[in-house]
Novice: 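Submitted below is the structure of interest, expressed as structure tokens.
All values below come from the heavy atoms of this structure, side chains included, with hydrogens, waters and symmetry mates left out. Predicted, not measured: the structure shown is a model, and the values here were computed from it. Letters A, B, ... are given to chains in the order of the sequence lines, protein chains preceding strands, and every chain is numbered from 1.
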Protein chains: 2
Amino acid sequence: MRAGERAYETLRSEILDGVLGAGTVLQEVDQSVRLGVSRTPVREALRRLAADGLVEPTARGTIVTAISRADIVALYELREALEARAAGLAARRRADAPFLAIRDRLHDAPRLLAEGEAGLTRYFEIVDDLDRAIDEAAANPFLGSALRSVQLHSARIRRLSRHNPDRLRAAAGEHELIVDAILAGDAELASHATHVHLHRSLTNALATAPDDEAAASPGTDDGSRVA
Amino acid sequence: MRAGERAYETLRSEILDGVLGAGTVLQEVDQSVRLGVSRTPVREALRRLAADGLVEPTARGTIVTAISRADIVALYELREALEARAAGLAARRRADAPFLAIRDRLHDAPRLLAEGEAGLTRYFEIVDDLDRAIDEAAANPFLGSALRSVQLHSARIRRLSRHNPDRLRAAAGEHELIVDAILAGDAELASHATHVHLHRSLTNALATAPDDEAAASPGTDDGSRVA
DNA sequence: CACGCGCTCAATGTATACACGAATGATCGC
DNA sequence: GCGATCATTCGTGTATACATTGAGCGCGTG
């Protein structure tokens with residue numbers, strides 16, 4: 001695999017997993033040493049991450065962006081516009097097969113959610129597959145690209161509800177309704193069910209999110225921030 | 001200005017203006033010679049353009065992407081979701097000043113549209129300023145980023161209606177309605193008026209667009225394609 | 001004559017050296 | 001003692017040389 005690609009994926013997953021918290025400084029030389037490649041692919045990776053909005057160039061190096069409560073609200077505003085539309089398009093499209101499979105797997109969700117960390121990971125795989133299935137059914141490359149962008153940022157926020165079993169069980173039910181609506185070809189229901197789901201997710205995320213990053217004293221990197 | 005930035009903006013505007021038509025091959029060395037910089041900033045520019053969806057890497061070099069009729073439909077589908085939402089948010093926000101100014105300028109539109117090329121350019125400046133005002137009023141960085149992406153691609157398509165005065169006069173009226181709705185704080189009307197506007201624009205774009213790129217024989221670059 | 005193997009070349013991928021600019025700290029003047 | 005200015009240094013921006021890969025093509029063989 002290309003070094004630049006590897007650097008990008010490594011850094012991205014470290015940011016998404018919170019290994020690299022908000023405010024962490026990523027300097028080209030440091031990272032090139034750490035990742036064992038030259039500055040060139042690291043530069044490429046940092047540029048891509050900046051385009052994704054996960055990092056931000058500053059005078060003193062590129063830093064991992066923070067996520068404020070206002071950002072969470074804004075992100076969900078956009079998600080609602082995009083995902084409601086995508087679900088509606090998917091419902092009109094009548095591509096049943098993938099959704100039938102996902103419906104079955106979602107049925108297992110409550111059991112998975114009782115199984116601890118491994119089950120949790122598998123649960124999120126189902127949700128991700130649903131997102132992908134909707135994306136594909138919507139058959140709109142521009143919408144798909146926008147969806148991937150919001151899902152990237154959503155993944156960072158997901159850590160907030162990851163260990164909230166009540167919320168996750170409820171979310172699984174909401175997902176099932178969305179799938180059912182798509183299978184029934186009911187675009188309006190699919191769209192509204194998505195709206196409801198995101199509304200509830202947002203409420204939960206805001207309830208769980210820290211009061212907003214404590215003003216980051218330079219140099220501190222205590223991992224206590226949202227990201 | 002940084003060489004990479006200059007390379008990016010040069011290439012981007014050339015693609016948007018149709019100077020570099022769909023299918024044009026952009027090789028790093030060629031472009032670095034043409035633009036008078038080394039491969040490094042050219043690579044950066046090409047990567048950014050690829051992230052924008054304006055070019056696409058292939059085995060034989062990076063090529064300018066084509067826009068099919070299906071792409072136009074897909075783009076408008078996304079625009080509708082995004083711009084309708086943005087207009088609704090702007091209406092709720094009650095930031096009147098910029099919209100009052102734009103309303104006045106839109107009033108001049110019919111006169112501008114009778115003035116030939118220069119007036120046309122000024123007309124599109126008003127429309128762009130309206131887009132920016134809505135973006136700013138929506139006060140949502142994620143939505144803003146998505147809007148910039150669709151506006152980028154819309155600018156490529158705009159060339160199709162640029163010399164269709166009837167359509168442009170009608171569009172100016174539609175824009176005025178959107179502005180009025182925002183000024184009235186009527187989110188639903190702002191949203192629906194945007195929907196209507198985009199529906200009519202799409203209809204016009206499809207009527208004006210060529211039947212889809214003639215299968216691009218390799219090497220031909222006759223500029224007859226949509227892009 | 002058709003198929004497949006391997007060569008070759010051209011384009012991108014990567015590494016590194018050098019240039020430039022901005023932020024910082026020390027020193028000098030006031 | 002305080003402030004301004006200049007040197008220093010760290011980090012990114014750019015250029016270029018070298019490595020690698022993959023596509024096209026010619027040759028040999030079945």
Novice: Looking just at side-chain N and O atoms, do S201(A) and N204(A) make a donor-acceptor pair shorter than 3.5 Å?
Specialist: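 No, no side-chain donor-acceptor contact under 3.5 Å.
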Novice: Looking at S38(B), does any N or O in its side chain come under 4.0 Å of the phosphate oxygens OP1/OP2 on dA15(D)?
Specialist: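 Affirmative; the distance criterion is met.
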Novice: For H175(B) and Y123(B), take the angle between the two ring planes, folded into 0 to 90°, and tell me which bin it lands in: parallel under 30, tilted 30 to 60, perpendicular over 60.
Specialist: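 Tilted: the ring planes of H175(B) and Y123(B) meet at 30° to 60°.
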Novice: Within this structure, what is the CG-to-C1' distance between L26(A) and dG11(D), rounded to whole angstrom?
Specialist: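 Those two atoms, CG and C1', are 14 Å apart.
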Novice: For H197(B) and E80(B), does a side-chain donor sit closer than 3.5 Å to a side-chain acceptor?
Specialist: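 No - no donor-acceptor pair under 3.5 Å links their side chains.
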Novice: How close or far is atom P of dG13(C) from atom CG of L46(B), stated in whole angstroms?
Specialist: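 One finds 10 Å between P of dG13(C) and CG of L46(B), rounded.
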Novice: Any N or O donor-acceptor pair linking the side chain of R2(B) to the base of dG21(C) at under 3.5 Å?
Specialist: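 Per atom types, no contact qualifies.
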Novice: Rounded to the nearest angstrom, tell me the gap between atom CG in D30(B) and atom P in dA10(C).
Specialist: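 After rounding, the gap between these two atoms is 13 Å.
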Novice: Measuring from the side chain of A59(A) (C-beta onward, heavy atoms only), which nucleotide among dT12(D), dA23(C), dT14(D) has the closest atom?
Specialist: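 In terms of side-chain proximity for A59(A), the closest of dT12(D), dA23(C), dT14(D) is dA23(C).
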Novice: How many Å lie between CZ on R39(B) and P on dA10(C), as a whole number?
Specialist: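 Nearest whole value for this atom pair: 15 Å.
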Novice: Measure the distance from CZ on R43(B) to P on dA15(D) and round it to the nearest whole Å.
Specialist: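 After rounding, the gap between these two atoms is 14 Å.
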Novice: May I have the distance from E28(A) (atom CD) to dT14(C) (atom P), rounded to whole angstrom?
Specialist: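 Interatomic distance, CD of E28(A) to P of dT14(C): 15 Å.
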Novice: For Q27(B) and dC9(C), what is the distance between atoms CD and P respectively, to the nearest whole Å?
Specialist: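 After rounding, the reported distance stands at 17 Å.
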Novice: Measure from the side-chain heavy atoms of P41(A) and tell me the nearest of dT12(C), dT14(D), dT14(C).
Specialist: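 Ranking dT12(C), dT14(D), dT14(C) by closest atom to the P41(A) side chain puts dT14(C) first.
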Novice: Would R34(A) and Q31(A) count as a side chain to side chain donor-acceptor pair (under 3.5 Å) here? Give the steps.
Specialist: CA-CA 5 Å; R34(A) 185 172 76 93; Q31(A) 297 304 314; 2.9 Å; yes
Novice: Between T40(B) and G61(B), just flag the one whose closest nucleotide in DNA chain C comes earlier from the 5' side.
Specialist: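 Closest to the 5' end, via its nearest nucleotide, is G61(B).
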Novice: Would you tell me whether S38(A) and R43(A) have side-chain atoms, one donor and one acceptor, within less than 3.5 Å of each other?
Specialist: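 Checked: S38(A)/R43(A) side chains show no N/O donor-acceptor pair below 3.5 Å.
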Novice: Rounded to the nearest Å, what distance is computed from the CD1 atom of residue I63(A) to the P atom of nucleotide dT12(D)?
Specialist: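 That distance rounds to 13 Å.
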Novice: Report which part of the nucleic acid R60(A) touches: base, sugar-phosphate, or nothing (heavy-atom distance under 4.0 Å, all strands).
Specialist: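 Sugar-phosphate, no base atom in range.
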